[in-house]
Amino acid sequence: VEKHVIGRELHWESSIGNHAVHIEAANDHGTISIDGEASPFQILDRRPHGMHLSFGGKHYEIYVLREGRVCTVWFEGAMYRLVQSEREQAAHTAGSSGASEVRAPMAGKVLRVEVRVDSNVAEHETLVILESMKMETSIQATRAGHITELRVKPGDVVDMGDLLAVIE
Amino acid sequence: VIRKVLVANRGEIAVRIFHTLREMGIRTVAAYTDPDARALHIKVADESHLIASYLDADAIVGAALTAGADAIHPGYGFLSESPSLPAACEKAGIVFIGPSTETIRVMGDKLESKTKMQAAGVPVVPVWSAKPPSDAYPVLIKAVGGGGGKGMRLVDKSADLDSAMKAAAREAAAAFGDNRVFIEKYIPKPRHIEFQILGDAHGNVVHVFERECSIQRRHQKIIEETPSTAMTPHLRAAMGAAAVTAAGTVGYRGAGTVEFILDEAGRFYFLEMNTRLQVEHPVTEMTTGLDLVREQIRIAEGEHLSVRQEDLRQTGHALECRIYAEVPEEKFRPATGPVAVYRPPSGPGIRLDSGIEEGSLIGIHFDPILAKLIAWAPTREAAIQRMQRALGEFVILGVQNNIEFLRRVISTEAFAAGALDTQFLDRHPDVFRSPFTQVPPAVLLAASLALDGAKSIQAPMTTLQFKDVWSAGEWRNT
């Protein structure tokens, strides 16, 4: 089984408070630090838009819908709207030396890949065609540049937020 | 005998009617318009037919003829209270599951119906067709052609009457194609109490008790219940008798609802009669065991009512919450979008009449009702607790909705005390605010994990999830 490792610095904004989050995880275990306070967590189950988490001694069933920088979260009968702050995004881009990640805006099946690694693309040029809900969506280059990574091939099923390509 | 029925409606009510038809062994036909090509109600029916509009009586009757249906059920809204549909049915030799064209016409005229009821001895609210006496204010302007708050205006003083009449007339013309309005005495802090009626073709009429529908927004109901906390056995008998008189006066055939307002002193007044199945009919079904759609079909077949007044009993308490695609915190603005996550509640005493499923697209074309959640329990207190539990478990993500708001409303002390009237929401502005002042850590964790887009730790997905593909760039049908 491929090991899935993440480590991220995030800033979340909402109408009821802003928070700095650092999250580290290897597969289904990890640590989240919220405004400097660290706690361990475990992902017990993960499905499209839904996850079952063990955190702070309790189990939680939580649903999340991500649309760009906005996450709508259903938690214990209440809805929360969180926005990933611009500050964090800028820092993230700088940290990856000017590279732009192109991620799947939704789940779907990769129908076609229109570019090759090491090729140059123009802004808005189609990179990948995804099929979802019997509809095709073209995923376009967010900027002009050089394709340094291409993570998908036709037939792959991707989850929302999955990395498709990197443009430098 | 009815063997095949076309339902001239959509959404949860079409699905609910299909359920009973299937139980009765009757073939089902859905009608749909273009935006509904993938709607749930089509999938539940045996066959479906494309029509130009849910408001086109000839197209609906044409679809019924093509399908070989012998009857049409109108549901609520759309053409359910328009004489045009039963008239078109009659011409085509198709049974209309509802009252006669003439009953619909008389009761649809909100002024004529009041006059008729007054003549029959049913108490009505004082009405005027033009300038009321100066001591009558405040008054309410209402549309002759229909209800639902459209064309309605509250006027405090005579100086404001003219401009309000004109505005109401414009609104009424747009909503009902009829610009006539009338003036009604305004009853402060009224409760909205209605009685379910069943009448057969043989002159039998019964009432199936009351429903309280006082929790309203923009003059439309959002929470209904039975029994009403305002009711005493004596008042129930008096109002029930008045409802039976009202229905009997027009020779009512089918299921209908007589609406009253009840003032603070316990006086009641006839408001209007709805000549169709009511949105909130499930609370009556849950407390009496009747299937009102089954009764409608039996009556349309010419059978006698299956129950006598003295056989009818109410057991326990039922509440209904209307789940709308709307944002209560933003003046109930309608919301649209795809239903990305749909996790309905279940369990003892819970009934869900739903017109949506995961993947449904909520568009701009129709009323924003998504579903109705009904909770039954032996007592009102237990029914509220059950509804709180079910609303707290109900997940709809992707289209904004009023689930959280409804839970806040039924969780107020005033609601628990049964102190209801139609201005309840105006007097309880707290229900429009979330009580939460901090983002729970688990929410931050979940959002952070979702952002990472980590792979499922379970087996690979077998079904595609649905997202707002319409905002994701170019798309086309495949």
Side-chain angles (χ1 to χ4, degrees), chain A residues 4 6 8 10 12 14 16-17 19 21 23 25 27-28 32 34 39 41 43 45-51 53 55-56 60 62-67 71-80 82 84 103 105-109 131-140 157 159-163, chain B residues 38 337-338 340-341 343 358-359 361 388-398 400-401 403-404 407-408 434-458 460-478:
Chain A
H4 190 86
I6 58 167
R8 264 184 177 238
L10 299 162
W12 290 109
S14 83
I16 51 171
H19 299 278
V21 170
I23 186 164
N27 288 338
D28 52 348
I32 184 168
I34 298 169
S39 326
F41 68 86
I43 304 170
D45 183 22
R46 185 152 185 180
R47 302 173 311 283
H49 306 310
M51 53 187 92
L53 304 173
F55 179 56
Y60 299 104
I62 307 180
Y63 293 86
V64 186
L65 190 64
R66 185 189 155 206
E67 290 159 289
C71 276
T72 309
V73 183
W74 182 96
F75 174 70
E76 297 189 332
M79 306 285 281
Y80 299 86
L82 301 176
Q84 198 193 346
R103 292 179 179 272
M106 65 194 170
K109 196 171 110 182
E131 187 197 54
S132 181
M133 244 172 119
K134 298 199 77 184
M135 263 171 306
E136 291 181 10
T137 305
S138 71
I139 311 302
Q140 300 169 347
V157 173
D159 201 348
M160 182 173 68
D162 279 2
L163 185 62
Chain B
R38 290 179 189 161
V341 180
R343 300 265 299 180
E358 203 155 279
L361 184 64
Q388 287 169 327
R389 189 267 296 171
L391 287 169
E393 290 173 1
F394 201 164
V395 188
I396 298 179
L397 268 181
Q400 288 176 280
N401 59 72
I403 293 173
E404 204 180 337
R407 191 154 72 125
R408 291 200 293 264
S434 167
F436 304 107
T437 54
Q438 280 181 0
V439 186
V443 169
L444 292 165
L445 172 59
S448 302
L449 289 169
L451 197 66
D452 176 63
K455 282 280 181 220
S456 167
I457 62 162
Q458 299 298 99
M461 274 186 291
T462 50
T463 53
L464 294 180
Q465 53 182 320
F466 300 106
K467 251 295 297 155
D468 189 357
V469 295
W470 288 264
S471 66
E474 292 176 56
W475 57 270
R476 62 177 190 270
N477 280 306
T478 54

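Every chain is numbered from 1, with letters handed out A, B, ... down the list of sequences. Note that this is a predicted model, so its numbers are computed, not measured.
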Smallest separation among heavy atoms of [X] and [Y], with atom names:
| X | Y | answer |
| --- | --- | --- |
| B:Val439 | A:Ser14 | CG2-OG, 3.3 Å |
| A:Met79 | B:Glu404 | N-OE1, 3.0 Å |
| B:Phe436 | A:Ile16 | O-CG2, 3.6 Å |
| A:Trp74 | B:Gly392 | CZ2-O, 3.1 Å |
| B:Gly398 | A:Leu65 | CA-CD2, 3.3 Å |
| B:Ala442 | A:Ile62 | O-CD1, 3.5 Å |

[X] portion near chain A, given a 4.5 angstrom heavy-atom threshold:
| X | result |
| --- | --- |
| B:Ile396 | backbone |
| B:Phe394 | backbone |
| B:Arg408 | neither |

Is there a side-chain contact between [X] and [Y], using heavy atoms and a 4.5 Å cut-off?
| X | Y | answer |
| --- | --- | --- |
| B:Ser434 | A:Tyr80 | no |
| B:Leu445 | A:Ile23 | yes |
| B:Leu449 | A:Phe41 | yes |

Inset, instruction - Nearest 0.5 Å please: distance from the CD atom of B:Gln438 over to the NE2 atom of A:His19. - result: 7.0 Å
Inset, instruction - Please determine which of A:Leu82, A:Val64, A:Val21, A:Ile34 meets the side-chain contact (heavy atoms from CB on, under 4.5 Å) test together with B:Ser448. - result: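 The option that passes is A:Val21.
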